Amino acid sequence: MAEFGKELSVTTTTIPGLLVVDLPVHGDNRGWFKENWQRTKLREVGVPDLGPVQNNISFNDAVGTTRGIHAEPWDKFVSVAHGRIFGAWVDLREGPTFGAVFTTEVDASRALFIPRGVGNSYQSLEPDTVYTYLVNDHWSPEATYTFLNLRDETVAIDWPISLDDVELSDKDRGHPRLADVVPFAPRRTLVTGADGQLGQALRAVLAGREDVEFTDVGELDLLGDLSTARPWRQYDTIINAAAFTAVDDAETPEGRAACWRVNVEAVARLARVAAENNLTLVHVSSDYVFDGTQESHTEDEPFSPLGVYGQTKAAGDAIVATVPRHYVVRTSWVIGEGNNFVRTMAALAERGVDPTVVDDQRGRLTFTDDLAAGIAHLLRERPAYGTYNLSSTGLVVSWADIAKRVYELTGHDPARVTPVSTEDYYASAHGPISPRPAHSALALDKIMGAGFTPREGDEALRAYLQ
Ligand code: NDP
């Protein structure tokens, strides 16, 4: 008989992420009723949003039927519809809690949230026990389970009924001891556009992480069929470092279409994959989503893009904001591996060229190693989902100021750089030129409040030029 009248509550256990849920069960002369899975109420008490796609039921007629220990590649929400079980869970995930054990009895007034990779087993304590569970991926013959022997001496589960006296399947009898179990690997992270400036920095910051997969356009074209491109339920995060970034080309008829395809259509496809599979989507935005009339841009300033590139970036941001788990990292004036302003100025200085450089667009550089480290920080610390600005800290400067500083730091006379207005600079341009925001500086309080402080701009520039 289930215990009636409990309050809905959640208790943590010795296994991280394994939660015991006490469920209110209402009884009367007809029997009883419970809300077994109620998404909103369970979320409010701290149970993760499972996103179930399959419901399974197993019926155990004899007392002592024992099944397990199986760690599966999806999360489970386990409960009992009739009868009672003794449940035993063993953490089989890679990491410091590998081998941790938790046991408890479960009747219809209890449920457990079992994270992917935690081994699950139970013994029925009453006849006709109906054990039921929701999972957030479809069972498939290709799914890889990790098993542990029910008799393992290291975890030494204290089964209420001796395993010598109960029904076990031949398969369960043959599972390995803990010392021979290969730990369950974590969910994967996919990085797109991994050969771009930011992508290369992400390769360096996330180097050595076996759970991270880096893809360039040849390995994963975001304009291909994304829905079946990966077994998405085995992923946790997508970091989208791919983009169309040729700002002036985006003003040509062909460039405009290409820019919309990569920065909007591909982003919409990624957002759909992320929303459908409960993934975290990290996307990178730009100061160009603003017209630059504000001197400093907060995360919640309304979009006001001037050119095609900025319009597509704004549209991409709006789409990503609909993904329940998302970080939009908005950045400006990115400098990394590849063609960029600092490299161009250093090369001109070396070749003896005296450039004219605009002095009426003001902002801060962002070095890709800071940007990649900031993204890694957000994914590690998981502050509230949403948009975070990220650029260097320190003075807001013009492109001409930066050019002079590059000349100086590379041993050349900064007076060789002539400041010029944007209007004059582009007066003799041949192809179409994108309008650019006059003020690109991003307010950095939010990312710093989340515990990440990028390097000061001049210090980072000096390090870059070395
Ligand atoms: P890059 O142009 O260096 O890299 C973008 C990468 O995306 C390239 O490797 C490109 O591959 C790849 N890509 C393009 N189309 C596709 C596709 N269909 N499928 C898969 N990959 C594709 O950009 P950054 O690293 O400089 O920019 C990173 C992010 O920062 C972008 O979101 C950008 O909008 C944003 N940003 C950049 C700023 C800057 O100054 N650079 C300023 C503010 C924001 P390929 O080269 O083969 O086309």
Side-chain angles (χ1 to χ4, degrees), residues 190-205 213-226 229-230 238-250 254-255 257-271 273 281-290 292 297 303 305-317 319-320 326-344 361 363-372 374-375 387-392 399 402 434 436-437 440-442 454 457 464:
L190 182 105
V191 179
T192 66
D195 284 352
Q197 285 201 96
L198 170 60
Q200 291 184 62
L202 285 164
R203 283 183 192 268
V205 164
E213 177 185 345
F214 298 95
T215 58
D216 63 23
V217 63
E219 288 149 329
L220 183 66
D221 182 352
L222 299 183
L223 296 167
D225 180 8
L226 283 192
R230 292 292 183 281
I238 300 173
I239 305 175
N240 181 30
F244 182 104
T245 55
V247 171
D248 294 322
D249 282 355
E254 311 77 52
C259 192
W260 273 91
R261 289 206 80 192
V262 179
N263 291 353
V264 185
E265 189 184 325
V267 172
R269 292 171 186 220
L270 281 176
V273 162
L281 178 59
V282 180
H283 183 63
V284 183
S285 172
S286 163
D287 50 314
Y288 277 47
V289 301
F290 302 123
H297 306 286
F303 299 133
L306 296 171
V308 172
Y309 169 77
Q311 288 158 7
T312 64
K313 292 301 285 184
D317 290 9
I319 291 166
V320 174
H326 74 273
Y327 292 111
V328 171
V329 181
R330 185 165 292 134
T331 188
S332 62
W333 300 13
V334 172
I335 305 294
E337 291 301 316
N339 292 329
N340 62 58
F341 180 81
V342 171
R343 286 226 167 128
T344 304
Q361 293 168 37
R364 294 192 192 96
L365 295 180
T366 306
F367 292 86
T368 50
D369 29 7
D370 286 311
L371 187 53
I375 289 170
T387 301
Y388 289 80
N389 289 342
L390 201 166
S391 72
S392 302
W399 286 115
I402 297 167
S434 171
R436 288 160 159 78
S440 285
L442 303 170
Y464 183 80

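All ligand and atom numbering here is 1-based and tracks the order in the structure. Predicted, not measured: the structure shown is a model, and the values here were computed from it. Excluded from the calculations below are hydrogen atoms, water molecules and symmetry mates; all remaining heavy atoms, backbone and side chain alike, are included.
Nearest to atom 3 (O) of ligand 1 among the protein's heavy atoms is Gln197 N, 2.9 Å. Summary of contacts: the protein heavy atom closest to atom 21 (N) of ligand 1 is Ala242 CB, 3.4 Å. In this structure, atom 30 (O) of ligand 1 lies nearest to the protein heavy atom Val284 CG1, 3.2 Å. Of the protein's non-hydrogen atoms, the one nearest atom 4 (O) of ligand 1 is Gly196 CA, 3.3 Å. Of the protein's heavy atoms, Val217 CG1, 4.6 Å lies nearest to atom 45 (P) of ligand 1. With hydrogens left out, the protein atom closest to atom 36 (N) of ligand 1 is Tyr309 OH, 3.7 Å, a heavy atom.
Using a 4.0 Å cut-off between heavy atoms, Leu222 contacts ligand 1 through both its backbone and its side chain. Under 4.0 Å from ligand 1, not a single heavy atom of Ala194 appears. Contacts between Lys313 and ligand 1, counted as non-hydrogen atom pairs separated by less than 4.0 Å, involve the side chain only.
Close to ligand 1: Ser285, with a non-hydrogen atom less than 4.0 angstrom away. Ligand 1 is approached by Ala241 to a heavy-atom distance shorter than 4.0 Å. Heavy-atom distances between Thr192 and ligand 1 stay at or above 4.0 Å for every pair. No heavy atom of Tyr288 sits closer than 4.0 Å to any atom of ligand 1.
Within 4.0 Å of atom 15 (N) of ligand 1, at least one protein heavy atom is present.
Taking only non-hydrogen atoms, the option from Val267, Thr331, Asp195, Asp221 nearest to atom 18 (N) of ligand 1 is Asp221. Counting heavy atoms only, Val334 comes closest to atom 38 (C) of ligand 1 of the residues Asn339, Asn340, Val334, Leu198.
For the pair Arg330 (side chain) and Thr387 (backbone), a donor-acceptor distance under 3.5 Å is absent.
Atoms of ligand 1 lying under 4.0 Å from at least one heavy atom of Ser286, given by number and element, are 43 (C), 44 (C).
Between the CD atom of Glu213 and the CZ atom of Arg230 there is a distance of 4.5 Å, given to the nearest 0.5 Å.
Phe367 and Tyr464 have tilted rings, their planes meeting at an angle from 30° to 60° on a 0 to 90° scale.
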